[in-house]
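First up is the structure itself, then whatever we jot down about it.
All chains are named by letter (A, B, ...) in the order of the sequence lines, taking the proteins before the strands, and each is independently numbered beginning at 1. Values reported hereafter were calculated over all heavy atoms of this structure, with side chains retained and with hydrogens, waters and symmetry mates removed.
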Amino acid sequence: MVRTRFAPSPTGYLHIGGVRTAFFNWLFARHHGGQFILRIDDTDQQRNIAEALEPILNGFRWLGLNWDEGPGIEGPHAPYYQSQKLPRYQEAVRQLLERGLAYHDYATPEELKAEREAAEKEKRPFLYSRKWMAESAADRARLESAGRQGVVRLKMAREGTCRFVDHIRGEMAVAWTHEQDHVIQRADGTVLYNLANVIDDYDMGITHVIRAEEHLSNTARQIFIAQGLGYPLPEYAHVPFVAEPGSKNKLSKRKISQYLKNADFKKIYDHGQAIAQAIGLTTSADTFNPVIVDFYERVGYLPEAILNYLVLLGWSLDDRSEMFTLDEMIANFSLERVNKAPASFDCKKLWAFQERYMQALPVEPKTARVLPYLQQRGLLAQPATAHQLARLRQVVQAANERIKVAGDILDYLDFFLADDQVPYDESAFEKRLRKPPEAAGLLRKFRACLATTESFAAPALEGLLNQFVQTEGIQIGQIIHAVRVAITGKAVGFGLFDALAILGKEQSLARIDRTLQRLGS
RNA sequence: GGCCCCGUCGUCUAGAGGCCUAGGACACGGCCCUUUCAAGGCCGCGACACGGGUUCGAAUCCCGUCGGGGUCACCA
């Protein structure tokens with residue numbers, strides 16, 4: 001049984017690079033009919049773990065990356081929180097000590113630093129002298145009575161080579177002398193990542209450790225620990241990290257202000273920011289930006305689009321397949337086809353996937369996705385009335401592929417506002433209504449035509465306007481833009497006849513009247 | 001700096017010695033369509049980091065150079 005895992009720290013947000021790694025783990029497990037485990041790396045003992053964890057779990061739920069064991073889904077390998085396993089870890093440290101694979105060390109940070117600097121000065125690689133290693137209980141007592149604090153270090157092999165096979169990088173070999181005597185337990189008894197990690201992977205029956213490339217350098221020491229404890233080794237796959245937009249540096253949530261200088265990134269950010277603002281969300285660029293998964297959920301992206309983009313970030317099937325359903329991804333995913341080189345995060349490409357997925361979404365589900373934005377804006381009741389829903393459906397249908405993310409519905413607010421509340425785009429008003437001398441007169445005449453027509457369906461309206469243009473002997477552009485500004489307040493939008501049909505006769509006429517009044521005629 | 005990893009269009013990638021005049025996608029540019037804005041259609045721009053080998057033949061194999069990155073914690 002294949003078992004993979006992802007081990008997030010409860011930081012309060014889900015990073016897009018982390019999700020990519022988690023997703024690969026998830027896909028690999030699902031592909032093999034295995035299980036995916038979520039384990040919480042909370043050894044730092046922060047205060048509000050539950051609170052900081054929620055956005056992360058929520059991100060996984062939103063994306064549909066379900067876990068078989070972990071928070072909320074207790075399994076046979078509980079607990080899934082590292083903070084709850086301290087005695088277990090300490091027992092492992094004791095075993096390593098017993099087997100002579102670890103030792104108590106009493107060097108002070110200053111002494112260590114001095115050794116390190118001396119090595120650097122002599123241009124030789126640093127390796128701790130083990131000068132303050134306590135070999136017996138008597139040594140320990142002596143050093144402790146001298147006021148020293150002891151940590152436990154790994155007693156790494158100082159000859160030979162650690163060899164392992166990585167599913168992505170191939171055969172790996174690292175000389176043991178390149179490994180330091182890493183600390184595995186602090187003076188206060190708490191334990192460090194490398195140790196906890198190995199024990200958890202063993203306890204949870206993890207068969208495949210799929211993680212980002214920056215952990216490659218942790219692998220040898222983890223193998224040392226695992227072997228020392230007599231654990232079977234998992235298989236390893238180090239996937240390349242996700243790089244920054246436009247560079248090969250590792251993507252970091254701390255460099256958002258720098259990414260904002262990237263035009264594409266900025267554009268996606270601004271678009272999301274505008275939507276957040278329109279629904280009254282207070283956001284900060286640190287936690288609400290295209291590096292954080294939450295951003296996409298709130299702005300109204302589709303999870304399928306995000307996943308499709310992410311799966312292609314470092315993996316591909318062949319030379320042309322781009323669109324995959326989740327089932328297809330599961331069926332086709334393999335570590336062998338994961339790339340070695342880091343891939344830069346490109347939100348424009350993600351956007352392109354979003355566009356395609358949104359285009360393919362039928363009217364009903366699209367309407368459902370879009371609805372909450374108008375409700376948050378206070379324009380539609382909760383639950384929406386049948387009449388409101390009907391209009392919304394019409395707007396969604398008319399706007400069609402102009403709605404790229406659910407929040408884009410906010411571009412069509414004017415269909416949900418009272419007639420006298422529709423704001424005018426002043427420059428459009430000027431250009432289409434005030435400036436052309438004939439505009440007001442034509443608008444008034446066309447209003448009269450509308451008032452007498454009986455069918456307000458889009459095709460009929462189009463015929464009506466065409467006839468109007470002919471009888472008046474004008475260009476279509478002389479009237480159509482004026483009408484658009486009159487009824488929507490804006491220069492842009494979907495088809496004018498659809499707009500008129502959706503508003504209906506009464507509202508259309510009312511809005512034109514209001515415009516005529518504003519024109520002072 | 002030590003150790004390690006990586007190197008095909010701006011970006012994501014296909015490519016396992018001849019199928020490569022290097023394919024696809026995003027982005028970009030142009031044209032068409034068009035009542036605006038989108039969408040769509042067509043066309044275009046654009047890469048094997050460099051240098052040596054090996055071979056009849058190299059983007060693919062070998063060596064070197066250069067470039068980029070990761071990591072060197074009592075963080076994870």
Given the [atom1] atoms of [N] and [M], what is the spacing between them in whole Å?
N     : M     : atom1 : result
B:U8  : B:G68 : C1'   : 15 Å
B:C45 : B:C4  : P     : 44 Å
B:A16 : B:A58 : P     : 16 Å
B:G57 : B:C20 : C1'   : 13 Å

Donor + acceptor pair across side chains of [X], [Y] (<3.5 Å):
X      : Y      : answer
A:Y193 : A:H182 : no
A:D181 : A:Y103 : yes
A:D42  : A:S83  : yes

Just call it for [X]: base, sugar-phosphate, or nothing, with non-hydrogen atoms closer than 4.0 Å on any strand.
X      : result
A:F345 : nothing
A:Y309 : nothing
A:R116 : sugar-phosphate
A:G314 : sugar-phosphate
A:H182 : nothing

Write down the distance between [atom1] ([X]) and [atom2] ([N]), rounded to a whole number of angstrom.
X      : N     : atom1 : atom2 : result
A:E401 : B:C33 : CD    : C1'   : 14 Å
A:E214 : B:C4  : CD    : P     : 19 Å
A:K123 : B:G1  : NZ    : P     : 10 Å
A:I168 : B:G70 : CD1   : P     : 18 Å
A:M156 : B:C3  : CE    : C1'   : 14 Å

| field | Salt bridge A:D200-A:R5, side-chain N to carboxylate O under 4.0 Å | value | no
| N-O pairing of A:D411 and A:R402 below 4.0 Å | no
| request: Measure the shortest side-chain to side-chain distance between A:M329 and A:N308 over non-hydrogen atoms and say whether it is less than 4.5 angstrom. | output: yes
Distances under 3.5 Å only, N/O to N/O: pair up the protein atoms with those of nucleotides 24-30 of chain B.
{"from": "B:A25", "atom 1": "O2'", "to": "A:E322", "atom 2": "OE1", "distance (Å)": "2.7"}
{"from": "B:A25", "atom 1": "O2'", "to": "A:R356", "atom 2": "NH2", "distance (Å)": "3.3"}
{"from": "B:A25", "atom 1": "N3", "to": "A:K349", "atom 2": "NZ", "distance (Å)": "2.9"}

| query | Using purine N1 to pyrimidine N3 plus N6-O4 or O6-N4 for Watson-Crick, or N1-O2 and O6-N3 for G-U wobble, both under 3.5 Å, which nucleotide pairs with B:C19? | reply | none
| query | Is the A:Y309-A:Y296 ring centre distance short of 6.0 angstrom? | reply | no
